[in-house]
There are 2 protein chains.
Amino acid sequence: MPEAVVQLSRRERQIMDVIYRRGRATAAEVLEDLPDPPGYSSVRALLRLLEEKGHVRHEQDGPRYVFLPIVNRERARKSALKHVVRTFFDGSATDAVAALLDGEGKLDSSELDRLSAMIDEARREGR
Amino acid sequence: MPEAVVQLSRRERQIMDVIYRRGRATAAEVLEDLPDPPGYSSVRALLRLLEEKGHVRHEQDGPRYVFLPIVNRERARKSALKHVVRTFFDGSATDAVAALLDGEGKLDSSELDRLSAMIDEARREGR
DNA sequence: CGGGATATGCTAAGAAAATAGCAGCTCCCT
DNA sequence: AGGGAGCTGCTATTTTCTTAGCATATCCCG
């Protein structure tokens, strides 16, 4: 029930995306990956804000900070998928999978095997 | 090619989500579904803005407007999935499917069949 | 060991977002 | 027909976001 989906602002969202993509990132790295990159100071101000709000934390790495998400990737993933499924697929995970299969880049045969295996697995569990 | 993912503000994003979820919506309906619902006027102001920016259009329905997304759901879906896959799954659609299979609610057997069929399909196309 | 490059902390101001208020139009019901 | 309910258009205000600037600390290399 917690899942207090705090609403991030535009930049905050962009920054969190970068951090999730990289797993961890310094202010300079974040800046590198931001669209319409602002000044360095701006990024740092936002990172401080995100930290205050409890979205990231930092570890010291020599002279600089490395920022990490508070919510682990696993959880964040699920939450993101859930939102997409709810918003664009009427809650149907199956439809979402369908879109992934034909939308995203071609999957090679080993990946398809992996998926088949997962489906068999689900079938076994399901009965 | 560029997927000009125009950056929406917090509220704008929320409103677009509502519209995509419902397919079409009046200002009152949008308001209904918004978290931390603001005043009615606020919603309308935002809708007007979204229309100006080209994200939605409206049709007249008797005395009121019904708003619809400009980008059709199909495209919006793909774009949303792509973003999630990129941000949280290192670009691996397969991993995303995996998360969907065990994350989202249980799939019943007919859905699993459907997925199997899609995978076979992909295999056939892929070779 | 000295200086440039790179960091951080803090703060202030400019830009954008979000909200609310008011006037006027339209529909609908009694 | 009269009047309330429900909408829209526009605008003004407040709040939040976003940015940049400056002072200070740390690292690292020649």
Side-chain angles (χ1 to χ4, degrees), chain A residues 4-71 83 87, chain B residues 4-71 83 87:
Chain A
V5 179
V6 181
Q7 288 288 358
L8 301 174
S9 68
R10 187 182 55 94
R11 269 299 193 218
E12 287 174 339
R13 176 78 269 150
Q14 294 176 343
I15 292 179
M16 288 307 294
D17 282 352
V18 170
I19 292 178
Y20 274 116
R21 231 178 287 133
R22 306 186 72 128
R24 43 174 40 238
T26 63
E29 288 169 338
V30 168
L31 177 57
E32 232 165 53
D33 288 7
L34 280 181
D36 311 301
Y40 189 82
S41 296
S42 310
V43 175
R44 290 190 325 94
L46 270 287
L47 282 169
R48 222 174 322 119
L49 234 182
L50 283 169
E51 184 151 25
E52 263 178 30
K53 293 197 194 169
H55 293 102
V56 302
R57 65 193 174 80
H58 73 264
E59 291 177 357
Q60 193 93 30
D61 172 35
R64 86 215 58 187
Y65 290 175
V66 181
F67 293 86
L68 304 100
I70 293 286
V71 175
H83 183 254
T87 303
Chain B
V5 177
V6 180
Q7 289 289 358
L8 301 174
S9 69
R10 186 181 56 94
R11 268 301 192 215
E12 288 174 339
R13 176 77 270 149
Q14 293 176 343
I15 291 178
M16 289 307 294
D17 282 352
V18 170
I19 293 179
Y20 274 116
R21 231 177 287 132
R22 305 186 73 129
R24 44 177 33 242
T26 63
E29 288 169 338
V30 168
L31 178 56
E32 231 166 55
D33 288 7
L34 281 182
D36 310 300
Y40 190 83
S41 295
S42 310
V43 175
R44 288 190 327 95
L46 271 287
L47 282 169
R48 220 172 325 115
L49 234 182
L50 283 168
E51 184 151 26
E52 263 179 31
K53 293 197 193 170
H55 292 103
V56 301
R57 65 193 175 80
H58 74 263
E59 290 177 357
Q60 193 92 31
D61 172 35
R64 87 216 56 179
Y65 290 174
V66 180
F67 293 86
L68 304 100
I70 293 287
V71 175
H83 184 255
T87 303

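Naming: A, B, ... by sequence-line order, numbering from 1 per chain. Bear in mind the structure is a predicted one, so any value in this text is a computation, not a measurement.
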Quiz item: Can you find a pair of side-chain heavy atoms, one from A/E29 and one from A/V18, that are under 4.5 Å apart?
Solution: no
Quiz item: Can you find a pair of side-chain heavy atoms, one from B/D17 and one from B/D33, that are under 4.5 Å apart?
Solution: no
Separation of [N] [atom2] from [X] [atom1] (nearest whole Å):
| X | N | atom1 | atom2 | answer |
| --- | --- | --- | --- | --- |
| B/H58 | D/dC7 | NE2 | P | 15 Å |
| B/E29 | D/dG6 | CD | P | 14 Å |
| A/D61 | C/dT6 | CG | P | 16 Å |
| A/Y65 | D/dT26 | OH | P | 11 Å |
| B/L34 | C/dA18 | CG | C1' | 12 Å |
| B/L50 | C/dA18 | CG | P | 10 Å |
| B/L47 | D/dT8 | CG | C1' | 12 Å |
| B/R64 | D/dT8 | CZ | C1' | 12 Å |

Quiz item: How would nucleotides 11-21 of chain D be written as a contact map, 5' to 3', with B for base contact, S for sugar-phosphate-only contact and - for no contact, using protein heavy atoms under 4.0 Å?
Solution: B-----SSBBB
Exercise. Among A/L68, A/I19, A/I15, find the residue that satisfies the side chain to side chain contact (heavy atoms under 4.5 Å, CB included) test when tested with A/V56.
Key: A/I19
Practice problem: For B/Q7 and A/R10, indicate whether the former's side chain and the latter's backbone hold a donor-acceptor pair under 3.5 Å. | Solution: no
Quiz prompt | Atom pair NE2/CG of B/H55 and B/L49 - distance to nearest 0.5 Å | solution = 10.5 Å
Quiz item: If you measure from CZ on B/F67 to CZ on B/R44, what distance do you get to the nearest 0.5 Å?
Solution: 8.5 Å
